[in-house]
Trainee: 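Quick one: structure below, then a few questions.
Remember, predicted model here, so these are calculated numbers, not experimental data. Just so we're on the same page: letters track the sequence lines, and every chain starts at 1.
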2 protein chains.
Amino acid sequence: MPSVLIIEDDQRIRELVTRVLSEKGYEVGGAATALDGLQRIVQDSPDVVILDMGLPDLDGRELLKMIRAITDVPVVVATARGEDAEVIRTLDSGADDYLIKPFSVEQLEARLRAVLRRSAADSSIMPIVVGGIQIHVEARVATLDGRALQLSPKEFDLLVFLANRVGVVVSRRQIMAEVWRQPYGGSEKTVDVHISWLRKKLGETAAQSRYIETVHGVGIKLVDPT
Amino acid sequence: MPSVLIIEDDQRIRELVTRVLSEKGYEVGGAATALDGLQRIVQDSPDVVILDMGLPDLDGRELLKMIRAITDVPVVVATARGEDAEVIRTLDSGADDYLIKPFSVEQLEARLRAVLRRSAADSSIMPIVVGGIQIHVEARVATLDGRALQLSPKEFDLLVFLANRVGVVVSRRQIMAEVWRQPYGGSEKTVDVHISWLRKKLGETAAQSRYIETVHGVGIKLVDPT
DNA sequence: CGGCTGTCTTAGCAACTCCTTAAGATGGTG
DNA sequence: CACCATCTTAAGGAGTTGCTAAGACAGCCG
């Protein structure tokens with residue numbers, strides 16, 4: 001679960017947010033001053049920081065600059081109702097998103113998720129590589145020997161699932177559970193059909209396979225032919 | 001208090017702006033010609049420059065280039081109404097913001113404050129570039145191959161959102177949450193309509209797309225065709 | 001006030017893609 | 001060889017997307 005640090009001098013807000021986010025499963029830490037906040041960022045390295053701009057001991061933007069100087073942690077800024085220019089200035093100072101007080105819990109959580117998703121996306125820009133296959137998960141683009149593959153959603157998900165377990169045999173049941181999600185009632189034959197399509201698009205057949213191997217009686221595995 | 005230099009040949013406007021801004025507490029200097037303006041920029045190093053593009057002795061953009069060559073002072077450009085192309089070229093020449101005559105005092109002051117705060121934050125205002133698309137986020141101006149796009153507010157926000165995630169597929173739900181800023185506010189079909197309008201203005205259709213690609217069952221992505 | 005303009009939303013249908021199922025073909029195993 | 005697992009193809013239906021049109025609404029101007 002992601003960890004959150006809230007830097008906010010108003011104790012009531014701090015405790016409220018801490019309680020609510022804890023219930024949602026976040027690990028939450030709090031700091032009442034800029035100095036304390038900085039220390040905790042260094043020590044705890046949270047996944048995201050919620051920063052109140054109205055701290056008593058240091059101007060919010062100054063603190064934001066200092067945070068930016070030492071880490072790339074996403075920062076969601078909370079400001080009192082303000083002008084657009086204020087918001088723009090804040091974002092330009094390096095904030096990743098902003099909230100205008102008073103904000104609802106729903107809003108807060110939405111922003112947190114958005115920011116976390118973005119930073120997670122940044123960390124996974126490296127493609128998955130298996131032999132001549134390259135998979136850019138975020139772009140949902142897969143290439144074979146440099147040429148793009150036209151994959152349907154299920155085919156793509158299936159390929160990603162297999163590519164994340166290169167060399168490991170997975171059962172049809174596993175594939176059904178992970179790629180199809182949901183307690184799905186469909187037959188496992190469906191997996192075979194998609195595997196077949198995937199093979200065709202990878203330029204191979206079951207008999208003459210380079211990447212997708214069948215392990216009789218067990219399941220399927222993706223292998224790196226090199 | 002910040003100091004402002006206004007370079008404007010029309011004496012009435014110059015005096016009006018000087019009087020109004022002085023009342024607001026700005027230090028205001030004036031210049032009626034390009035040459036005089038340059039001298040004062042060097043001597044007084046104002047915090048922000050208001051530049052009329054219709055000066056008699058030198059083309060406005062030429063002057064802007066010269067200003068940019070000697071200093072990074074923020075420049076707010078004032079142009080006559082109606083010349084979209086002019087505005088775009090001006091922003092590309094290094095202006096920080098623009099005003100269209102006749103402008104209200106409130107507008108002027110808002111732009112000045114915005115520009116001053118931005119420069120105080122020492123942030124760059126590079127446009128977002130995706131292929132032939134340029135987006136000046138602060139000015140809310142977007143161009144395609146150098147020509148202005150007439151985008152509605154939502155269309156612009158949508159384009160900015162996509163442009164900030166070039167090459168990454170985003171779901172309609174994500175778009176709703178981030179651009180519409182209301183979790184589960186309305187139907188996700190609304191997104192499709194705005195996407196369609198955006199495509200039309202970008203000179204493409206879903207079938208023949210250069211920039212906006214649909215990923216069936218997942219969402220939308222903006223791609224750089226180069 | 002009333003019409004005008006621009007924008008946003010919703011509805012709805014056509015066109016399209018994708019998934020599932022079924023059924024026969026193929027291949028491995030004892 | 002008999003049996004069962006796997007492979008492949010075809011086809012209907014479910015779901016998704018694209019786009020037009022019409023209504024709602026706010027801002028603006030006379």
Side-chain angles (χ1 to χ4, degrees), chain A residues 140 142 149-159 161-162 169-176 179-222, chain B residues 81 84 100 102 104 106-107 140 142 148-159 161-162 169-176 179-182 184-221:
Chain A
R140 292 190 73 86
L149 292 169
Q150 296 284 0
L151 302 181
S152 78
K154 277 281 187 294
E155 286 160 11
F156 187 85
D157 292 343
L158 179 56
L159 180 58
F161 179 75
L162 294 174
V169 184
V170 292
S171 70
R172 287 169 178 73
R173 177 176 299 266
Q174 259 178 291
I175 294 174
M176 262 289 161
V179 177
W180 268 255
R181 298 279 161 78
Q182 314 162 25
Y184 182 72
S187 100
E188 291 177 1
K189 291 297 172 94
T190 303
V191 175
D192 289 310
V193 175
H194 285 270
I195 288 288
S196 172
W197 287 338
L198 205 46
R199 276 183 166 139
K200 184 181 246 177
K201 292 181 181 178
L202 288 174
E204 69 181 38
T205 65
Q208 203 95 26
S209 73
R210 260 202 311 168
Y211 291 109
I212 299 178
E213 286 187 6
T214 300
V215 181
H216 197 94
V218 185
I220 304 289
K221 70 175 170 181
L222 188 71
Chain B
R81 171 193 298 281
D84 266 357
I100 293 173
S104 68
E106 288 76 15
Q107 267 195 341
R140 294 189 72 82
L149 291 170
Q150 295 284 359
L151 301 181
S152 76
K154 276 280 186 296
E155 285 160 12
F156 187 85
D157 292 343
L158 179 56
L159 181 58
F161 179 74
L162 293 174
V169 182
V170 292
S171 69
R172 288 169 178 74
R173 169 164 305 211
Q174 262 177 284
I175 294 173
M176 261 290 160
V179 177
W180 269 256
R181 286 276 145 104
Q182 309 153 9
Y184 307 106
S187 149
E188 290 176 1
K189 292 288 290 183
T190 303
V191 175
D192 287 298
V193 176
H194 286 269
I195 288 288
S196 175
W197 288 338
L198 206 46
R199 275 182 166 140
K200 185 179 250 179
K201 292 181 180 179
L202 289 174
E204 69 181 38
T205 65
Q208 204 94 27
S209 71
R210 261 201 310 168
Y211 291 108
I212 299 178
E213 286 187 7
T214 300
V215 179
H216 194 100
V218 185
I220 305 286
K221 70 178 169 181

Trainee: What is the distance from atom CG of Leu198(B) to atom CD1 of Ile212(B), rounded to the nearest 0.5 Å?
Mentor: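 Separation between the atoms: 4.0 Å.
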Trainee: Is there side-chain contact between Phe161(B) and Val170(B), with at least one heavy-atom pair below 4.5 Å?
Mentor: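 Of all side-chain heavy-atom pairs linking Val170(B) with Phe161(B), at least one is under 4.5 Å.
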Trainee: Can you tell me how far C1' of dA22(C) sits from NE2 of His194(A), to the nearest Å?
Mentor: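 The answer, rounded to whole Å, is 14 Å.
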Trainee: Does the Glu188(A) side chain pair with the main chain of Met176(A), one donor and one acceptor, at a distance under 3.5 Å?
Mentor: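 No; zero donor-acceptor contacts below 3.5 Å.
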Trainee: Measure from CD on Gln150(A) to P on dT17(C) and round the result to the nearest Å.
Mentor: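 The answer, rounded to whole Å, is 11 Å.
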Trainee: Where along nucleotides 7-19 of chain D does protein come under 4.0 Å, by heavy atom, of base (B) or sugar-phosphate alone (S), with - for untouched nucleotides?
Mentor: SBB------SBBS
Trainee: Taking OP1 and OP2 of dC8(C), is either one under 4.0 Å from a side-chain nitrogen or oxygen of Ser152(B)?
Mentor: yes
Trainee: Could you state the CZ-C1' distance from Arg140(B) to dT7(C), rounded to the nearest angstrom?
Mentor: 13 Å
Trainee: From CG of Leu198(B) over to P of dC8(C), roughly how many Å is that when rounded to an integer?
Mentor: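 Atom CG in Leu198(B) sits about 11 Å away from atom P in dC8(C).
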Trainee: Is Gln208(B) reaching over with its side chain to a backbone N or O of Thr205(B), donor-acceptor style, under 3.5 angstrom?
Mentor: no
Trainee: Nearest 0.5 Å, please: how far is CG in Asp192(B) from CZ in Arg199(B)?
Mentor: 8.5 Å
Trainee: What's the NZ-P distance between Lys154(B) and dC8(C), to the nearest Å?
Mentor: 6 Å
Trainee: Are there over 12 heavy-atom neighbours, none belonging to Arg140(B), within less than 6.0 Å of that residue's CZ?
Mentor: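 More than 12 heavy atoms, drawn from other residues, nucleotides or ligands, come within 6.0 Å of this atom.
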Trainee: Grab the CD-C1' distance between Glu188(A) and dA22(C) for me, whole Å please.
Mentor: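 Between C1' of dA22(C) and CD of Glu188(A): 17 Å.
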Trainee: Look at all strands and tell whether Thr190(B) reaches a base, only sugar-phosphate, or nothing, counting heavy atoms closer than 4.0 Å.
Mentor: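 Contact class for Thr190(B): base.
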Trainee: Would you kindly give the CG-to-P distance between Leu151(A) and dC19(C), to the nearest whole Å?
Mentor: 11 Å
Trainee: Provide, to the nearest angstrom, the distance between the CZ atom belonging to Phe156(B) and the C1' atom belonging to dT7(C).
Mentor: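 The answer, rounded to whole Å, is 16 Å.
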